[in-house]
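Count residues from 1 along the sequence. Because only heavy atoms are used, hydrogens play no part in the values below, and waters and symmetry mates are left out as well, while side chains stay in. These numbers were taken from a predicted model, which means no experiment stands behind them.
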Amino acid sequence: MFKQKLYAGLIGGVLMLGLTLSNQAMADKDLTEAEVPEGAVKWFKQAYPKATNVEWEQKKVHIGKRRGETVYEVEFTDELDIDHEVRLTADGTLIKGELD
């Protein structure tokens, strides 16, 4: 009986992990600039007018106070050849910025 409960628990845990990972994978979506909300694009172009290698991605926040919100991540290279990653809300509010 103990083994049955142990196996059931392990199988349940593996299934939950699989569902969580697949849900997170489905939440991210590559976007063209035309698909990104105007406020986010406007902020980005004002802050980094010389950016190159620009790639946009839509993400769903899974933790923290912004849980459930959609944010827009932009990865790019600046004029000094430094890689950046910035997350913005649809209206162009900066949430996070990183140097790679």
Side-chain angles (χ1 to χ4, degrees):
M1 178 131 167
F2 175 74
K3 285 184 178 181
Q4 288 175 333
K5 287 184 180 182
L6 178 63
Y7 290 137
L10 287 173
I11 290 171
V14 169
L15 288 173
M16 291 300 291
L17 178 62
L19 289 173
T20 301
L21 293 175
S22 67
N23 188 25
Q24 288 179 349
M26 292 187 330
D28 297 348
K29 178 183 174 190
D30 292 336
L31 301 175
T32 65
E33 187 175 289
E35 296 174 300
V36 178
E38 184 179 342
V41 173
K42 183 178 178 182
W43 181 93
F44 173 70
K45 288 190 173 199
Q46 287 177 347
Y48 298 98
K50 296 181 180 180
T52 58
N53 304 319
V54 178
E55 295 179 9
W56 287 94
E57 190 173 348
Q58 182 182 42
K59 293 183 171 269
K60 193 73 138 181
V61 179
H62 295 285
I63 58 172
K65 67 180 182 177
R66 294 190 179 277
R67 184 180 186 156
E69 287 186 38
T70 298
V71 297
Y72 299 88
E73 181 176 280
V74 58
E75 295 180 9
F76 61 95
T77 305
D78 69 13
E79 66 273 9
L80 300 175
D81 203 32
I82 298 172
D83 293 332
H84 295 262
E85 183 178 294
V86 173
R87 288 189 184 169
L88 305 162
T89 62
D91 67 0
T93 302
L94 177 66
I95 297 172
K96 178 181 177 183
E98 291 181 6
L99 298 173
D100 287 337

With sequence neighbours excluded, what pairs up with E85 under the side chain to side chain donor-acceptor pair (under 3.5 Å) test? none
Would a single hydrophobic cluster contain both L31 and Y48, if residues Ile, Leu, Val, Met, Phe, Trp and Tyr are joined by side-chain heavy-atom contacts under 4.5 Å? yes
Using side-chain contact (heavy atoms from CB on, under 4.5 Å) as the criterion, list what pairs up with K42, not counting sequence neighbours. Q46
Enumerate, atom names and distances included, each donor-acceptor pair closer than 3.5 Å involving a side-chain atom of residues 71-78, sequence neighbours excluded.
residue : atom : partner : partner atom : Å
Y72     : OH   : Q58     : NE2          : 3.4
E73     : OE1  : R87     : NE           : 2.8
E73     : OE1  : R87     : NH2          : 3.0
T77     : OG1  : N53     : ND2          : 3.3
T77     : OG1  : D83     : OD1          : 2.8
D78     : OD1  : L80     : N            : 2.8
D78     : OD1  : D81     : N            : 3.2
D78     : OD1  : I82     : N            : 2.9
D78     : OD2  : H84     : NE2          : 2.8

Given side chain to side chain contact (heavy atoms under 4.5 Å, CB included), test E33 with W56 step by step and report yes or no. CA-CA 7 Å; E33 187 175 289; W56 287 94; 4.1 Å; yes
Set of side chain to side chain donor-acceptor pair (under 3.5 Å) partners for T70, sequence neighbours left out: none
Considering residues at least two apart in sequence or located in another chain, which fulfil the salt bridge (charged side-chain N to carboxylate O under 4.0 Å, His left out) criterion with K96? E98
What residues, two or more places apart in sequence or in another chain, satisfy salt bridge (charged side-chain N to carboxylate O under 4.0 Å, His left out) together with E57? K59
Residue that, paired with E69, satisfies side-chain hydrogen bond (donor to acceptor under 3.5 Å, both in side chains) out of K65, R66, R67: R66
Got more than 12 heavy atoms from elsewhere within 6.0 Å of CD, E38? no
Listed partners of E55 passing salt bridge (charged side-chain N to carboxylate O under 4.0 Å, His left out), at least two apart: none
Taking side-chain contact (heavy atoms from CB on, under 4.5 Å) as the definition, give me every residue that meets it alongside L94, ordered by chain and number, with sequence neighbours left out. W43, V86, L88
Which residues satisfy the side chain to side chain donor-acceptor pair (under 3.5 Å) test with D30, sequence neighbours excluded? none
Tell me every residue that passes side chain to side chain donor-acceptor pair (under 3.5 Å) with D91, counting only those two or more places apart in sequence or in another chain. T89, T93
If I compare all heavy atoms of A90 with all of P37, which pair ends up nearest, and what's the gap? O-CB, 3.5 Å
